[in-house]
Structures are given as C-alpha cells and as structure tokens.
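Structure, as structure tokens:
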Amino acid sequence: MSRAAERLRLMIGHLDRSPEAIKAAPTSAQPAIYSHPHRLRYTVDTSDLLTPEQRLSYEENGFILIKNLVSEEDIDRFKKEFERISRQEVKVPGLVVMRDVAIVKSEFVPDQRAVSKLQDFQEDPELFRYCTLPEILQYVECFTGPNVMAMHTMLINKPPDAGKKTSRHPMHQDLHYFPFRPADRIVCSWTAMEKVNRQNGCLVVLPGTHTGTLQEHDYPEWEGGVNKMYHGVRGYDPQHPRVHLEMEKGDTVFFHPLLIHGSGMNQTQGFRKAISCHYASADCYYIDVKGTTQENIEKEVKQIAARKYNMDEISFEDTWAFRGRLVQGERTSL
C-alpha cells in the first residue's frame with residue numbers, strides 16, 4: 001500500500017470512530033478495527049476514478065490538477081465558437097460579453113481582442129458541450145455525486161495588460177457568488193485552452209483555504225480600476241503559501257468553491273484563454289443570503305439580471321435557476 005493510501009486509510013478510520021473508540025495501540029502489530037465505511041468530507045465514494053493519493057490531496061489542498069484531460073480537437077472547436085461570438089456572427093440568449101475596463105474604450109475593433117470573458121454560455125450548444133464532456137463529468141461526479149447540475153459557465157480571454165494591471169483577478173472564493181449549499185458538493189472545472197504560465201496570468205491558489213469559511217468580499221481598491229463583478233477577499237493572509245498553476249493545453253484543474261484563488265497580470269502580447277464550469281449536486285438547495293456577507297453580490301447580480309431579462313424585480317435564487325442546467329442524473333432540488 002502506498003504511503004498516501006495508508007494515510008487515507010488511517011484518516012478514514014479516525015473519522016469513522018467516536019473519540020471514545022480511539023485508543024493508543026500498545027504495539028504496531030495490533031490490528032485496527034473499523035465499524036463501517038466513512039465518506040471523506042470533500043469527495044464521495046461513487047467510483048474508483050480518484051486514487052487514494054488524489055483524494056487525500058484534495059482533502060488537504062482543495063484542488064487537483066488532471067493533465068491532458070480535454071482533447072486538442074475539442075479545445076480548437078471551442079476557440080472557433082468563441083471567435084464567431086466575438087465577431088457577432090451568432091447571438092446567444094442570456095450570454096454576457098465582458099470587456100476589460102482598461103480597453104473597453106480603446107482602439108480595439110469588435111472582435112476577440114476586445115472580449116475578456118464570455119459568461120453564461122449555457123444556451124450555446126457548442127460551448128456548453130464542454131460542460132457535458134464525459135471525461136470532465138467522470139471527475140465532477142467524484143465531488144458532487146451522480147446528480148449533476150451545470151450552474152455557471154465562463155470562457156476567459158485574459159487580454160494583454162494595458163498598463164493598468166486590470167488583467168489581474170483579485171483573490172476570491174467562488175462561493176461568494178453562489179446562493180446554494182452545501183459548499184462541499186460544488187466544484188469548478190477549469191481547462192487551459194493553451195499554455196498557461198506566470199507570464200500570461202495563470203491561476204494562483206492558496207492551498208488548504210477551502211477548509212475555512214466564506215469571507216467578506218468587495219471590490220479591491222486598485223488604481224487602474226477593477227472589472228465588473230471582480231470582487232476580492234477582504235483581509236486574507238498575504239503570507240499564506242501559494243501555488244501557481246502552470247498548465248498545458250487541455251490540462252484541467254478541479255477545485256472547491258471556498259478555495260481562495262485569483263490570477264496575475266497577462267504580461268505577454270497574446271490572449272490567455274481558458275474555459276470553465278461550476279457544477280453542483282442537483283441535491284443542493286438555495287439559501288437566503290440576507291444578513292450575510294453575500295448581500296452585496298446579491299444586490300449587484302439582481303440589478304444586472306433585471307436589465308438583462310427586462311424585469312422590474314428578480315430574486316437572487318431565480319437568476320441561478322435560469323442558468324442551471326442538468327447534465328447528468330436527475331434534477332432533484334436545484
């Protein structure tokens with residue numbers, strides 16, 4: 001048995017027993033006695049896809065990186081669809097086209113150079129195909145269970161920084177945006193559409209922060225301005241160890257919604273593309289965020305959604321119900 005597998009076995013054993021049942025072993029040869037199988041907190045026992053090492057790593061760090069998961073052919077197809085949308089050759093219902101605050105009024109013409117992000121592409125059959133890829137869903141199920149909803153979709157086209165550092169994404173927790181729980185049954189898949197490194201603004205994560213709580217978020221006070229909806233964590237520890245996730249085309253990282261993460265500036269002349277989807281178990285449920293740190297994002301989302309759907313009033317919950325789509329199993333709650 002590998003060292004990680006042995007650690008995982010011991011962890012499960014300790015979690016499964018009451019404190020009274022855990023006693024010191026007089027010799028190393030004394031056999032351990034377990035009552036019944038115990039599911040770890042952050043993964044579910046739906047398959048043997050994740051190795052003991054991977055499950056233990058996710059428990060401790062809040063993310064796992066799977067190399068070469070999405071094919072080059074699929075990624076090239078997603079790129080072509082992104083270009084079509086950017087050239088306004090196709091209109092997608094509900095799609096939000098975002099532009100970097102520093103270049104939105106620049107000399108860039110209406111093509112992919114002016115688009116920093118496509119959000120909510122669930123009504124575009126080609127881009128939404130990413131969310132239904134079997135190679136993605138087989139991993140997603142390890143975190144959500146068999147009933148899987150695609151809740152939030154994005155294609156990020158991080159532009160070359162225009163000198164204002166606005167291509168950065170502040171450190172944040174994705175759960176800040178979500179009015180559904182439990183957090184442990186939500187996961188993001190994030191796939192590099194080309195080589196991603198520190199020069200063009202790879203993801204930066206703070207390992208282990210997924211074990212904490214949802215923190216207060218707001219717009220950071222950046223001199224060059226901040227892109228719309230780019231809220232950041234207030235008061236996280238800047239000395240916390242961090243990992244820069246350098247990835248190749250097709251590599252995919254899966255991470256917990258409480259994991260603090262962000263991305264740096266794009267210091268190259270090219271555009272850094274990635275495609276992602278936040279999944280949740282269909283067994284999740286909506287919560288009322290009034291009186292919590294999420295009130296500010298609720299207010300902002302409702303204002304945007306009211307304009308987007310031409311409605312006088314819309315609930316935070318409904319803005320997510322409109323976007324959520326079943327991709328596997330049964331739609332039981334969300």
Side-chain angles (χ1 to χ4, degrees), residues 75 78-106 108-124 126-131 150-162 164-174 176-178 188-194 196 200-204 217 219-220 222 224-232 245 247 252-253 255 257 261-268 270-278 297 300-301 303-305 307-308 319-320 323:
I75 290 174
F78 301 146
K79 282 185 176 180
K80 289 180 180 178
E81 184 67 3
F82 169 74
E83 292 165 3
R84 291 181 63 227
I85 294 172
S86 299
R87 292 193 299 264
Q88 301 179 6
E89 295 176 5
V90 58
K91 299 289 186 181
V92 181
L95 181 73
V96 177
V97 179
M98 303 177 71
R99 292 171 173 80
D100 188 278
V101 66
I103 64 174
V104 67
K105 297 180 180 179
S106 72
F108 287 148
V109 295
D111 67 6
Q112 65 169 320
R113 290 176 296 165
V115 176
S116 61
K117 183 188 292 185
L118 300 180
Q119 192 162 277
D120 302 333
F121 59 65
Q122 67 274 2
E123 298 301 327
D124 183 272
E126 180 57 43
L127 292 183
F128 191 73
R129 197 171 56 81
Y130 168 79
C131 305
M151 298 299 293
H152 185 230
T153 53
M154 293 188 298
L155 193 155
I156 306 104
N157 187 47
K158 184 189 282 285
D161 197 86
K164 301 292 186 179
K165 300 183 180 180
T166 54
S167 65
R168 293 176 295 174
H169 198 302
M171 302 300 283
H172 64 284
Q173 298 166 298
D174 290 336
H176 171 65
Y177 297 90
F178 304 153
C188 178
S189 68
W190 194 100
T191 299
M193 297 177 67
E194 56 206 313
V196 174
N200 63 9
C202 65
L203 286 180
V204 182
H217 288 63
Y219 285 108
W222 287 350
V226 185
N227 287 306
K228 192 70 172 173
M229 304 292 286
Y230 277 32
H231 290 195
L245 293 176
M247 301 163 65
T252 301
V253 60
F255 59 90
H261 67 286
S263 63
M265 289 186 295
N266 181 356
Q267 302 177 69
T268 72
F271 287 76
R272 190 271 275 156
K273 291 183 177 62
I275 188 168
S276 75
C277 179
H278 283 91
I297 192 63
E300 191 169 345
V301 168
Q303 290 173 345
I304 294 172
R307 293 194 299 268
K308 178 178 175 180
T319 67
W320 285 100
R323 286 179 276 184

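FYI, side chains are in, hydrogens and waters are out, and symmetry mates aren't considered; it's all heavy atoms of this structure. We're numbering straight along the sequence, starting at 1.
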Pair E83 + K80: basic N to acidic O under 4.0 Å: no
Should V196 and R272 count as side-chain neighbours, where that means a heavy-atom distance under 4.5 Å? yes
Closest heavy-atom contact between C131 and F121? SG-CE1, 4.1 Å
Looking at every heavy atom in both P160 and T268, which two are closest together, and how far apart are they? CB-O, 3.2 Å
Of all heavy-atom pairs linking C188 and S276, the shortest is SG-CB, 4.2 Å
What is the distance from atom OG1 of T153 to atom CD of Q119, rounded to the nearest 0.5 Å? 7.5 Å
Quick one: does E123's side chain get under 4.5 Å of F128's, heavy atoms only? no
Answer whether the closest heavy-atom distance between the side chains of H261 and D174 falls below 4.5 Å. yes
Rounded to the nearest 0.5 Å, how far does OG1 of T319 lie from CD of Q303? 12.5 Å
So, the side chain of K79 versus the backbone of M193: is there a donor-acceptor pair under 3.5 Å, distance only? yes
Step-by-step side chain to side chain contact (heavy atoms under 4.5 Å, CB included) determination, R129 to F78: CA-CA 9 Å; R129 197 171 56 81; F78 301 146; 3.6 Å; yes
State whether a side-chain donor-acceptor pair under 3.5 Å links Y130 with S189. yes
Grab the two heavy atoms, one from Y177 and one from H172, that are nearest each other, plus how far apart they are. CE1-CD2, 4.3 Å
Can a donor-acceptor pair be found, under 3.5 Å and without considering hydrogens, that links the side chain of H217 to the backbone of Q173? yes
K273 side, atom NZ; K158 side, atom NZ - distance, nearest 0.5 Å: 13.0 Å
Just verifying a value: how many Å separate F82 CZ and D124 CG, rounded to the nearest 0.5 Å? 12.0 Å
Using a 4.5 Å cut-off on heavy atoms from C-beta on, say whether the side chain of L245 contacts that of V204. no
Looking only at non-hydrogen atoms, find the nearest pair between A192 and I75 and report the distance. O-CD1, 3.6 Å
Taking the inter-plane angle between the rings of H152 and F178 on a 0 to 90° scale, is it parallel (under 30°), tilted (30 to 60°) or perpendicular (over 60°)? perpendicular
Do you know which two heavy atoms are closest between I275 and L127, and how far apart they sit? CD1-O, 4.2 Å
